[in-house]
Amino acid sequence: MTANSVFMPIRDLAELVRTRQVSPVDITETFLGRLETIGPRYNAVVTVTHERAMEQARRAEGEIASGNYKGPLHGIPYGAKDLLATSGGIPTTWGAAPFREQVFDYDAAVVRSLEDAGAPLAAKLAMVEIAGGMGYRQPNASFTGPGMTPWGKDAWSGGSSSGSGASVAAGLVPFAIGSETWGSILSPANNCGLAGLRPTYGRVSRQGAMVLSWTLDKLGPLCLTADDCGIVLEAIAGRDADDPSTTDRPYVYDINAWVGRRFKLAVLKDVTEGVQAEVAANFEQALRELEAVADIEEIEFPEMPYEAVTRTILNAESASAFEDFIESGAVSGLTAPECHHPHARLMIPAQDYIRALRIRGKVARIADEVMAGYDAMVGPTRAVTATPIDQDFRGVVAGTARDTMGAVGNSAGLPAISVPSGFSDEGLPTGIQFMGRAYDENRILAVARAYQSLTNWHEQHPSGLQP
């Protein structure tokens, strides 16, 4: 494989595999080499699963040679955020020093689904410790070091799926699995110039994934294109008896859905207020480009404490999930000093949590009503480009910008996809997100694909990525 071919979209790479022009073994060896040589530059990798990946690649090669081709992920290696359990003595560290030797004797449901699809697991990827559940404020909150985007020297790859974002952007794996509780897929997609899909809550089983927040956690793909995200989502979606939150609704990715139709998009009033000037400019340009395929209208959500509600649920549930860890004092072993004192989260009154849950029900109804009649709601993915790895990112992001779409989308469990929308003067990526109603992944994927057909930001890749 050439340096350029490591950035081939999954559909194109899969065609080479299907027609036996490229071997799964050769592909896997190429990406394993890049993970081992380039991955450390970006603090992107925890464990390269070399032996397992090669065994699965050889199996895929034999299956394809015998005519048993399973589909577009057959023989395509990937990386998994290191909160997904893996068997065979492969550590699952949760990004945290106190758990760096932790092993499980089973695979997470997503890992099993991808193995069934024939995709070799090439690496466990770096992440913010405990997925940020102890209240981190700076990119160094990981025992593997601060995640760095391949697009800028000493700029953050985004959390908490930091390694998943950096690895796809650097061509270390064709796709990766991340998780989102509030921003942890869309943030690295923004900072690393990728497509990142947050599925509807319950669309993908979380069995075998570290629990941060039972009612907010979601698993989804980080890829080069929106089309790639659809391919991966089909492989990992589905009902799982071991995760009662999963839906009975089947998911089939349809690349032909809504082809050639004109979309109707909604934009929140004042959605760019307080965001970085270059982010706002790129978003406004993206809206102008979308006018070729969509009618765009401004809308408003009624005034409600969207962010406070989501934050209360997240903090209360993460404190409960890690109560023993917090009370044991083991939090002192975490890398970020601000994570050593999360005890206030244990003191959130029950009535505050219950009130937040009740308001969330109203938020879900409001979101569904406001978004009815629209194919997607559109906004900047993040308020800023990738922040420096030596800065408190919350101080940078704060200001007057609000994350209404992120709060509403995650509290109501709505799907969203971020794709690249341009670059800042410093050469750092910006993203545009498309958020849909529950279970409308195919619709938002269609909008994102249409946008990518009008632009070429997703075809641009970082330089200097030779082993």
Side-chain angles (χ1 to χ4, degrees), residues 7-12 151 165 168-169 175 185-199 220-233 253-268 271-272 275 278-299 371 373-383 385 405-406 409 414-424 428-437 440-461:
F7 291 111
M8 292 183 69
I10 289 174
R11 194 174 297 278
D12 295 342
W151 284 104
V168 177
F175 72 96
I185 290 175
L186 268 59
S187 171
N190 179 81
N191 290 11
C192 296
L194 301 173
L197 176 64
R198 177 187 76 219
L222 284 143
C223 305
L224 294 174
T225 68
D227 181 43
D228 287 356
C229 287
I231 291 171
V232 177
L233 180 61
Y253 174 49
D254 184 0
I255 192 174
N256 296 312
W258 293 282
V259 170
R261 67 160 286 178
R262 190 164 182 83
F263 299 103
K264 189 175 181 181
L265 306 179
V267 178
L268 272 179
V271 72
T272 58
V275 308
E278 292 159 297
V279 173
N282 287 355
F283 177 67
E284 296 296 340
Q285 176 60 31
L287 291 183
R288 288 190 288 271
E289 290 161 339
L290 282 165
E291 288 175 353
V293 295
D295 298 317
I296 305 171
E297 297 179 1
E298 186 175 83
I299 62 170
M371 294 172 64
Y374 296 99
D375 294 301
M377 180 178 293
V378 190
T381 303
R382 303 294 292 167
T385 54
M405 286 184 67
L414 305 180
I417 182 169
S418 173
V419 293
S421 65
F423 294 90
S424 69
L428 295 172
T430 63
I432 181 172
Q433 64 169 307
F434 303 94
M435 185 171 78
R437 300 169 80 188
D440 254 357
E441 284 90 352
N442 272 351
R443 193 184 301 257
I444 62 170
L445 284 165
V447 179
R449 287 198 313 272
Y451 174 70
Q452 292 198 303
S453 74
L454 300 170
T455 63
N456 69 349
W457 303 119
H458 59 289
E459 297 173 357
Q460 301 184 39
H461 306 292

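This is a predicted model, so every value here is computed, not measured.
- Heavy-atom minimum distance, Arg11 versus Tyr253: NH2-CE2, 3.6 Å.
- Residues passing the side chain to side chain contact (heavy atoms under 4.5 Å, CB included) test with Asp254 are Asn256, Ala257, Asn442, sequence neighbours excluded.
- Looking only at side-chain heavy atoms (C-beta outward), Glu278 and Thr385 stay at 4.5 Å or farther from each other.
- For the pair Leu197 and Val232, the minimum side-chain heavy-atom distance is 4.5 Å or more.
- From Leu445, atom CG reaches atom CH2 of Trp258 across 9.5 Å, with rounding to the nearest 0.5 Å.
- Using cut-offs of 30° and 60° for the angle between ring planes, the Tyr451 and Phe434 rings count as tilted.
- The only member of Val271, Leu414, Leu265, Ile299 that meets side chain to side chain contact (heavy atoms under 4.5 Å, CB included) when paired with Met377 is Ile299.
- The side chain to side chain donor-acceptor pair (under 3.5 Å) with Tyr374 is formed by just one residue from the set Glu297, Lys264, Arg437; it is Glu297.
- Using modelled atom types, no side-chain atom of Arg198 and backbone atom of Ile185 make a donor-acceptor pair closer than 3.5 Å.
- Ile255 and Arg449 make their closest contact through O-NH2, 2.8 Å (heavy atoms, listed as atom of the first residue, atom of the second, distance).
- Here the straight-line distance linking atom CZ of Phe283 with atom OG1 of Thr430 works out to 10.5 Å at 0.5 Å rounding.
- Between atom OG of residue Ser421 and atom CD of residue Glu284 there is a gap of 11.0 Å, rounded to the nearest 0.5 Å.
- Rounding to the nearest 0.5 angstrom, the gap separating the CG atom in Leu194 from the CH2 atom in Trp151 is 9.5 Å.
- Side-chain atoms of Arg262 come within 3.5 Å of backbone atoms of Ala292 as a donor-acceptor pair (strictly under, hydrogens ignored).
- In terms of modelled atom types and a separation under 3.5 Å, the side chain of Ser418 and the main chain of Ala195 share no donor-acceptor contact.
- No donor-acceptor pair under 3.5 Å is formed between the side chain of Gln452 and the backbone N or O of His458.
- Between Phe423 and Gln460, the shortest heavy-atom contact is CE1-OE1, 3.5 Å.
- With hydrogens and angles ignored, the 3.5 Å screen pairs a side-chain donor or acceptor of Gln433 with a backbone N or O of Pro380.
- Ile296 CD1 to Leu287 CG: the interatomic distance, rounded to the nearest 0.5 Å, is 5.0 Å.
- Of all the heavy atoms in Pro199 and Leu233, the pair that sits closest is CG-CD1, 3.9 Å.
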### Task
Given side-chain contact (heavy atoms from CB on, under 4.5 Å), test Val447 with Val378 step by step and report yes or no.
CA-CA 10 Å; Val447 179; Val378 190; 5.8 Å; no
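- Closest approach of Val279 to Ala383, counting heavy atoms only: CG2-O, 3.8 Å.
- The shortest distance between side-chain heavy atoms of Asn191 and Leu428 does not fall below 4.5 Å.
- To the nearest 0.5 Å, atom CE of residue Met435 and atom CG of residue Leu186 are 10.5 Å apart.
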### Query
Could you walk me through whether Arg288 and Gln285 pass the side chain to side chain donor-acceptor pair (under 3.5 Å) check?
CA-CA 5 Å; Arg288 288 190 288 271; Gln285 176 60 31; 2.8 Å; yes
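- Without hydrogens or angle criteria, Asp228 side chain to Pro9 main chain gives no donor-acceptor distance under 3.5 Å.
- When all heavy atoms of Gly431 and Asn190 are compared, the closest pair comes out as N-OD1, 2.9 Å.
- Asp375 is linked by a salt bridge (Lys or Arg N to Asp or Glu O under 4.0 Å) to Arg261, Arg443, counting only residues two or more places apart in sequence or in another chain.
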